[in-house]
Trainee: 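Before anything else, here's the structure in question.
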Amino acid sequence: MTTDKPASGYYGPEAYNSEHLPQQKRPAPGANPAQPWFNRKADRKLPWGHTEDVAPQSYRADYSPATLRRFEKEPNNFANVDFHQRIDHERYRHAKAALRTQILLFLSGFGNPIIIGFVAIPMLFTLGVYYYDKPESVGHLDYLADWAYFAAWVFGPLFACNLIPTALFKLFPRQLIKPDKGPLWELNRRTGLVTVFHYDKKGVWGKTGQPEEETAPFYEFDAYTSNELIHGGGVVHTLYLAHRYRNILIPIGTLIGKTSPEECYALWDMFQNFMDTSRPLPDIPLWEEHRANDPVTAEHDRRTNRPSRYWRDMDNVTWKQKNEEMGLQVLRLNTPGRLDIMRNSWVSSPRPRRQRPVTSRQATE
């Protein structure tokens with residue numbers, strides 16, 4: 001799905017347009033300076049272009065229509081706090097929370113109801129099996145009391161991981177919900193630039209308090225999926241961007257964690273679609289409120305008569321169906337089998353001819 005023309009003068013000269021790629025230097029095979037040497041053989045490079053309108057599961061779950069409607073109704077108590085994160089029609093800027101906030105969020109993950117249920121189901125099954133095999137001398141109450149003592153040691157820490165961080169966040173929100181020192185990286189659709197922020201105490205940041213910025217055009221990065229063996233013989237994957245000519249690496253896979261390859265493919269498609277000025281913004285709930293601010297997207301929505309609140313006014317039943325449809329679309333992604341449009345932009349650098357040494361006549365005589 002493409003638009004007629006990009007908005008003249010709105011996008012920068014290095015904005016990414018999948019239909020008009022600038023000529024670039026052909027990279028040397030296996031010599032990417034940003035890619036660690038031990039990843040050059042094992043990791044898979046993903047092709048550019050031929051994307052689909054998809055998004056990873058976490059983006060669909062975290063930004064559902066019901067969630068967006070709740071954000072619109074509930075006031076933001078931290079509107080005056082700069083968390084350094086920006087997601088709009090121009091940029092996707094990623095930042096982390098402060099270390100204290102990350103620790104509490106990590107602990108609260110162990111108290112997730114899904115984890116508690118995952119532990120409780122086999123325990124209840126074991127309780128029922130051993131109940132019929134218990135000695136006759138053991139009474140029902142004694143048997144249940146022994147299991148209750150054991151369950152308290154198992155579920156007590158899990159419930160504590162849920163209740164303690166929740167209580168602390170409610171009692172001391174200003175002290176515990178804090179941003180980190182600044183953003184980590186940014187993808188800018190309007191300029192076409194990727195920016196990485198460095199915080200070196202001995203460098204610019206230590207002297208001025210401002211991070212050092214390293215920028216490069218988006219089309220000079222390549223996406224790779226890494227493989228990692230886990231307990232039980234399974235394999236998980238994550239996604240990262242590596243600059244083709246310089247030592248710049250961005251672990252964008254941290255946005256979705258270590259997951260299946262198809263989820264990594266969906267993340268790569270989503271960011272390509274976001275940066276591609278030949279097409280509208282990705283049509284998912286996350287970017288809906290910003291669609292009118294991007295000229296290419298606004299023109300596309302006007303021409304197709306797309307409702308401005310298509311996602312936000314969607315009922316839960318319809319959203320569930322749409323979410324499941326996209327989930328199946330993600331599972332069918334075969335990104336490694338696509339043709340790489342970026343190869344068409346590479347130009348071979350002419351090799352200098354070897355000059356034969358010229359010998360003087362006097363030397364030959």
Side-chain angles (χ1 to χ4, degrees), residues 1-25 27 33-34 46 48-49 51 55 59 82-96 181-199 204-205 208 210-223 239-252 254-255 267-284 286-301 341-342 344-346:
M1 183 196 310
T2 59
T3 57
D4 296 334
K5 292 181 181 179
S8 177
Y10 179 80
Y11 301 108
E14 294 181 300
Y16 171 62
N17 185 324
S18 61
E19 298 179 353
H20 301 90
L21 298 174
Q23 290 188 338
Q24 302 170 74
K25 181 178 65 175
L46 301 182
W48 281 83
T51 59
Y59 278 82
D82 185 9
F83 286 95
H84 313 297
Q85 181 104 341
R86 298 288 185 276
I87 303 176
D88 55 26
H89 57 288
E90 290 189 5
R91 54 191 171 174
Y92 190 110
R93 176 179 288 183
H94 176 62
K96 296 190 301 183
K181 51 184 171 291
L184 298 178
W185 52 264
E186 174 186 291
L187 304 181
N188 195 303
R189 171 181 171 93
R190 186 170 182 176
T191 64
L193 297 177
V194 178
T195 303
V196 180
F197 301 89
H198 299 288
Y199 301 90
V204 177
W205 182 63
T208 66
Q210 297 297 322
E212 184 178 356
E213 299 181 6
E214 192 173 16
T215 62
F218 177 65
Y219 52 76
E220 291 184 354
F221 286 83
D222 289 318
L239 184 74
Y240 63 91
L241 298 182
H243 194 268
R244 203 173 296 127
Y245 316 109
R246 294 157 57 188
N247 189 15
I248 307 176
L249 190 144
I250 306 175
I252 64 173
T254 56
L255 298 172
L267 185 66
W268 176 227
D269 276 10
M270 186 187 77
F271 277 126
Q272 284 188 88
N273 294 338
F274 169 70
M275 295 293 287
D276 192 353
T277 59
S278 71
R279 58 185 299 146
L281 290 168
D283 200 352
I284 59 176
L286 174 61
W287 274 290
E288 184 172 63
E289 65 174 308
H290 305 291
R291 294 181 68 86
N293 299 322
D294 180 76
V296 167
T297 309
E299 173 60 22
H300 169 269
D301 292 352
I341 64 171
M342 196 60 67
N344 298 328
S345 67
W346 293 349

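These numbers come from the heavy atoms of this one structure, side chains and all, not from hydrogens, waters or symmetry mates.
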Trainee: Suppose we screen for ring pair (Phe, Tyr, Trp, His ring centres under 6.0 Å). Which residues come up paired with Trp48, at least two apart in sequence or across chains?
Mentor: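 Trp48 satisfies ring pair (Phe, Tyr, Trp, His ring centres under 6.0 Å) with Tyr16, Phe218, Trp268 once adjacent residues are dropped.
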Trainee: Atom CG of Leu193 and atom CD of Glu14: how far apart are they, to the nearest 0.5 Å?
Mentor: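 Taking CG in Leu193 and CD in Glu14, the distance rounds to 5.0 Å.
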Trainee: For Ser345, which residues count as a side chain to side chain donor-acceptor pair (under 3.5 Å) partner, sequence neighbours excluded?
Mentor: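 Side chain to side chain donor-acceptor pair (under 3.5 Å) list for Ser345, sorted by chain: Gln24.
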Trainee: If the condition is side chain to side chain contact (heavy atoms under 4.5 Å, CB included), which residues does Asp283 pass it with, not counting sequence neighbours?
Mentor: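 If we apply the side chain to side chain contact (heavy atoms under 4.5 Å, CB included) test to Asp283, skipping adjacent residues, the hits are Arg291, Arg306, Trp311.
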Trainee: Can you tell me how far the CD atom of Gln210 sits from the CH2 atom of Trp205, to the nearest 0.5 Å?
Mentor: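 If we round to the nearest 0.5 Å, Gln210:CD and Trp205:CH2 are 11.0 Å apart.
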Trainee: Side chains of Val196 and Ile250: closer than 4.5 Å at any heavy-atom pair?
Mentor: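 Val196 vs Ile250: side chains touch.
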Trainee: Can you sort out the partners of Arg190 under side chain to side chain donor-acceptor pair (under 3.5 Å), two or more places apart, ordered by chain and number?
Mentor: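 Glu90.
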Trainee: Once salt bridge (Lys or Arg N to Asp or Glu O under 4.0 Å) is applied, do any residues pair with Glu289, and if so which ones, sequence neighbours excluded?
Mentor: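 Listed in chain order: nothing, the list is empty.
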Trainee: Please examine the side chains of Gln85 and Arg93, heavy atoms only from C-beta on, and report whether any two atoms are closer than 4.5 Å.
Mentor: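 A side-chain contact is absent here, since even the closest heavy-atom pair is not under 4.5 Å.
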Trainee: For Asp276, which residues count as a salt bridge (Lys or Arg N to Asp or Glu O under 4.0 Å) partner, sequence neighbours excluded?
Mentor: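 Scan of Asp276 (salt bridge (Lys or Arg N to Asp or Glu O under 4.0 Å), adjacent residues dropped) gives none.
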Trainee: Could you grab the distance from atom CZ of Arg189 to atom CG of Asp294, nearest 0.5 Å is fine?
Mentor: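 Here the interatomic distance stands at 4.0 Å.
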Trainee: List the residues meeting salt bridge (Lys or Arg N to Asp or Glu O under 4.0 Å) with Glu220, not counting sequence neighbours, and say none if there are none.
Mentor: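 Scan of Glu220 (salt bridge (Lys or Arg N to Asp or Glu O under 4.0 Å), adjacent residues dropped) gives none.
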Trainee: Who passes side chain to side chain contact (heavy atoms under 4.5 Å, CB included) against Thr51, sequence neighbours left out?
Mentor: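 Side chain to side chain contact (heavy atoms under 4.5 Å, CB included) check on Thr51 returns Asp269, Gln272, Asn273, Arg279, Arg338.
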Trainee: Can you name the residues that form a side chain to side chain donor-acceptor pair (under 3.5 Å) with Tyr92, not counting sequence neighbours?
Mentor: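 Tyr92: side chain to side chain donor-acceptor pair (under 3.5 Å) contacts with Tyr59.
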Trainee: The criterion is ring pair (Phe, Tyr, Trp, His ring centres under 6.0 Å); which residues satisfy it with Phe274, sequence neighbours excluded?
Mentor: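 Phe274 satisfies ring pair (Phe, Tyr, Trp, His ring centres under 6.0 Å) with Trp287 only.
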Trainee: What distance separates His94 NE2 from Ile87 CD1, expressed to the nearest 0.5 Å?
Mentor: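 Atom-to-atom, His94:NE2 and Ile87:CD1 are 9.5 Å apart.
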Trainee: Begin with the C-alpha distance, continue with both residues' side-chain angles, and end with the deciding distance and a verdict on side-chain contact (heavy atoms from CB on, under 4.5 Å) for Leu21 and Ile341.
Mentor: CA-CA 9 Å; Leu21 298 174; Ile341 64 171; 4.1 Å; yes
Trainee: Side-chain contact test, heavy atoms from C-beta onward, threshold under 4.5 Å: evaluate it for Leu184 versus Thr254 and give yes or no.
Mentor: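 Leu184 vs Thr254: side chains apart.
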Trainee: Is there a side-chain contact between Tyr219 and Met275 (heavy atoms, below 4.5 Å)?
Mentor: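 No, side chains not in contact.
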Trainee: For Pro183 and Ala95, which heavy atoms make the closest approach, and how far apart are they?
Mentor: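 Looking at all heavy atoms of both residues, the closest pair is CA-CB, 3.8 Å.
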Trainee: Run the side chain to side chain contact (heavy atoms under 4.5 Å, CB included) test against Ala15 and tell me which residues pass, sequence neighbours left out.
Mentor: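 Checked Ala15 against side chain to side chain contact (heavy atoms under 4.5 Å, CB included); matches are Tyr11, Thr277.
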Trainee: Are Asn293 and Asp88 packed together at the side-chain level, in the sense that at least one heavy-atom pair is separated by less than 4.5 angstrom?
Mentor: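 SC-SC contact between Asn293 and Asp88 ruled out.
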Trainee: Quick one: pull up CG in Leu239 and CG in Leu267 and give me the separation to the nearest 0.5 Å.
Mentor: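 With rounding to 0.5 Å, CG (Leu239) is 5.5 Å from CG (Leu267).
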Trainee: Holding to side chain to side chain donor-acceptor pair (under 3.5 Å), I want the full list of residues that pass it with Glu214, two or more places apart in sequence or in another chain.
Mentor: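 With neighbours one apart ignored, the set is His198.
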Trainee: Could you check whether any side-chain heavy atom of Glu299 comes within less than 4.5 Å of a side-chain heavy atom of Val296, counting everything from C-beta outward?
Mentor: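 The answer is no, as the side chains (C-beta and beyond) never meet within the 4.5 Å cut-off.
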Trainee: Nearest 0.5 Å please: distance from the CD atom of Glu186 over to the OG1 atom of Thr215.
Mentor: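 It is 10.5 Å, given to the nearest 0.5 Å.
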